[in-house]
Amino acid sequence: LELLACEGCIMGAGMTSPPSLFRRRASISEHVRRRVSEFDQDKWRHEVSNCDNIDLSRRFAANDQRGLTPTATDLKAILNRMGKEKLEDELNCGACGYNTCREHAVAIHAGLAEREMCLPYTIDRLNSTIEELAYSNNNLADTQEALMQSERLASMGQLAAGIAHEVNNPLGVVLMYAHLLLEQMDEKSKLRGDAMMIAEQADRCRRIVAGLLHFARQNKVLRETVDLRTIVEQSCRLVVKPDNIDLVIDHKMEDPVVEIDADQILQVFVNLINNAYAAMLPGGKLTITTSDISARVSIAFADTGIGIPPENRAKVFEPFFTTKQIGSGSGLGLAVSYGIIKMHRGGIRVESNNNPAVGRTGTVFYVDLPRKGEG
């Protein structure tokens, strides 16, 4: 560096052209002689000795930056998570930026890529999400319908309670005087038939009012441990079976023991059996099937009757709705049954077909109850 600096000084000393080779060599020689004459060898040795302890050695440690090659099991697991369980599922479309699906899987193993980069995988995931949303929407719609049904029943219950209490007292007076008239009338009196009609219709009104009160009040569920098969068979004995109808009871449950209010559930079963018989006037078959569903039990009442039209299926549990002839029913049986099942924390639903062109006509009522009550 000193020699270069010296040469620079020669060139900068007012000379307009580069010095000749001889002049440059003379300048460098002069500089070397001056530096040798000024060199202090003792001082140099002293400074060198101060550096004797400096460690000029070098050490190296292995730090392999290459990624670990995934095993065949690792690759298979990654490909399975991407929905590529078979060889033909590996489309090798290149949409992810890799030539093959296996290269993409290797990059995922190394943490350099994500599964969502695979276009077919993303499309499948979107389709699955859409199906899940549709299922959730259907459940939400069913829940909303059940809430609306409960709200209607609650409103009807309040109205029914008020009407029943107001009507019950004057109705009792009418019924009492009608029976008094019958007792005082001669057997051959022309008016006896009219008095009997008054008594019969007043008695029918009394039964309707009793049904209203039963529908309106929130009865407490008195649970007891019973054999559900016994309740089903008892309900069948309580209803007179027409001769043109076959009754089949099929107990498929392994454990028939349940905790229920036997009297209330018996009332529900009797209502359902009565309705089934009424729907099969020309004749048919009623099949009652009991089965287990995890911690619940299921009872199905399937008839081969005329079926329920689609426009009436959403109304069957509403109070006073009935398709029977005037005087044959009050329309409270299924509404009361619905309330009893709900108080047991169970469920009741109906499936029906009234179109012979679609298939065999008939109706099935499904009742499910928790095996053990919650109080």
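The first residue in the sequence is number 1, and the count goes up from there.
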**OP:** Starting from the C-alpha separation in whole Å, work towards a yes-or-no answer on side-chain contact (heavy atoms from CB on, under 4.5 Å) for L191 and M185.
**Re:** CA-CA 8 Å; L191 297 177; M185 279 185 178; 3.7 Å; yes
**OP:** Answer yes if I245 and F365 sit in the same cluster of Ile, Leu, Val, Met, Phe, Trp and Tyr residues linked by side chain heavy atoms under 4.5 Å apart, and no otherwise.
**Re:** yes
**OP:** Output, in order, the C-alpha distance, side-chain angles, deciding distance and verdict of side-chain contact (heavy atoms from CB on, under 4.5 Å) for H344 and D261.
**Re:** CA-CA 8 Å; H344 279 76; D261 188 318; 3.5 Å; yes
Original post:
Out of curiosity, does I249 fall in the hydrophobic cluster containing L228 (side-chain heavy atoms, cut-off under 4.5 Å, transitive links)?
Top reply: yes
Original post:
Could you give the distance from OG (S49) to CZ (R45), rounded to the nearest 0.5 Å?
Top reply: 10.5 Å
Original post:
Does any N or O in the side chain of N354 come within less than 3.5 Å of the main-chain N or O of P310, such that one atom is a donor and the other an acceptor?
Top reply: no
Original post:
What's the shortest heavy-atom distance between Y121 and M82, and which atoms?
Top reply: CD1-O, 3.3 Å
Subject >> Atom CE of M117: over 12 foreign heavy atoms under 6.0 Å >> reply: yes
Original post:
With the 4.5 Å side-chain cut-off for hydrophobic clustering, are V232 and Y366 part of the same group?
Top reply: no
**OP:** Please name the pair of heavy atoms, one in G347 and one in I341, separated by the smallest distance, quoted to 0.1 Å.
**Re:** N-CG2, 3.4 Å
Subject >> Distance-only donor-acceptor check, side chains T71 and D74, under 3.5 Å >> reply: yes
Original post:
Any donor-acceptor pair under 3.5 Å linking the side chain of H104 with the backbone of E114?
Top reply: yes
**OP:** For the pair R229 and D227, find out whether any cationic side-chain nitrogen is under 4.0 Å from an anionic carboxylate oxygen.
**Re:** yes
**OP:** Might you confirm whether atom CD of Q201 has over 12 heavy atoms from other residues, nucleotides or ligands at distances under 6.0 Å?
**Re:** yes
Original post:
Nearest 0.5 Å, what's the CZ-SG distance between R81 and C118?
Top reply: 13.5 Å
Original post:
Between the main-chain N or O of A199 and the side-chain N or O of D203, is there a donor-acceptor pair closer than 3.5 Å?
Top reply: no
Original post:
When rounded to the nearest 0.5 angstrom, what distance separates CG in N271 from CG in L266?
Top reply: 10.0 Å
Subject >> Test item: N353 side-chain N/O and G359 main-chain N/O as donor-acceptor pair under 3.5 Å >> reply: yes
Original post:
Any side-chain heavy atom of L79 sitting closer than 4.5 Å to one from R102?
Top reply: yes
**OP:** Taking all non-hydrogen atoms of both residues into account, name the closest pair between T304 and M280 and its distance.
**Re:** N-SD, 3.4 Å
Original post:
Of the options N312, T361, T363, D303, which is the one that meets S352 in a side chain to side chain donor-acceptor pair (under 3.5 Å)?
Top reply: T363
**OP:** Would you please classify the geometry between the F39 ring and the W44 ring as parallel, tilted or perpendicular, with 30° and 60° separating the classes?
**Re:** tilted
Original post:
Just wondering, do F269 and I299 contact through their side chains at under 4.5 Å, heavy atoms?
Top reply: yes
Could you pull out every donor-acceptor pair under 3.5 Å between side chains of residues 283-294 and any protein atom, sequence neighbours left out?
| from | atom 1 | to | atom 2 | distance (Å) |
| --- | --- | --- | --- | --- |
| T290 | OG1 | H251 | ND1 | 3.0 |
| D292 | OD1 | R371 | NH2 | 2.6 |
| D292 | OD2 | E254 | N | 2.6 |

Original post:
Using 4.0 Å as the upper bound for N to carboxylate O, is an ion pair formed by D89 and K86?
Top reply: no
Original post:
Roughly how far, to the nearest 0.5 Å, is the CG atom of L119 from the SG atom of C93?
Top reply: 6.5 Å
Original post:
Would V270 end up clustered with I231 when hydrophobic side chains under 4.5 Å apart are linked, directly or stepwise?
Top reply: yes
Subject >> Check: I273 and C236 side chains under 4.5 Å, non-hydrogen atoms >> reply: yes
Original post:
When Q267 is tested against each of L272, L238, I340 for side-chain contact (heavy atoms from CB on, under 4.5 Å), which residue passes?
Top reply: I340
Subject >> Minimum heavy-atom distance Y277-K241, with the two atoms named >> reply: OH-CG, 3.5 Å
Original post:
Which atom names give the shortest non-hydrogen contact between I308 and R313, and what distance separates them?
Top reply: O-NE, 2.9 Å
Subject >> R125, CZ atom: more than 12 neighbouring heavy atoms under 6.0 Å >> reply: no
Subject >> Backbone N/O of C101 and side chain of N92: donor-acceptor pair under 3.5 Å >> reply: yes
Original post:
Is there a path from L175 to L181 through hydrophobic residues (I, L, V, M, F, W, Y) whose side chains come within less than 4.5 Å of each other?
Top reply: no
**OP:** Report the distance from atom SG of C96 to atom CD of E116, rounding to the nearest 0.5 Å.
**Re:** 12.5 Å
Subject >> side-chain contact (heavy atoms from CB on, under 4.5 Å) between V350 and L334, intermediate numbers included >> reply: CA-CA 11 Å; V350 60; L334 286 177; over 6 Å; no
**OP:** Could you pull out the closest heavy-atom pair between H109 and I78, with the gap in Å?
**Re:** CB-CD1, 3.7 Å
**OP:** Would you indicate whether D52, at its atom CG, is surrounded by more than 12 heavy atoms from other residues, nucleotides or ligands within a distance under 6.0 Å?
**Re:** yes
Original post:
Which is it for R223 and K372 under the side-chain contact (heavy atoms from CB on, under 4.5 Å) test, yes or no, and what are the steps along the way?
Top reply: CA-CA 9 Å; R223 298 183 183 273; K372 292 187 177 294; over 6 Å; no
Original post:
For M197, does the CE atom sit with more than 12 other heavy atoms under 6.0 Å from it, leaving out its own atoms?
Top reply: no
Subject >> Point-to-point distance, once rounded to the nearest 0.5 Å, from CG of L133 to OG of S128 >> reply: 11.0 Å
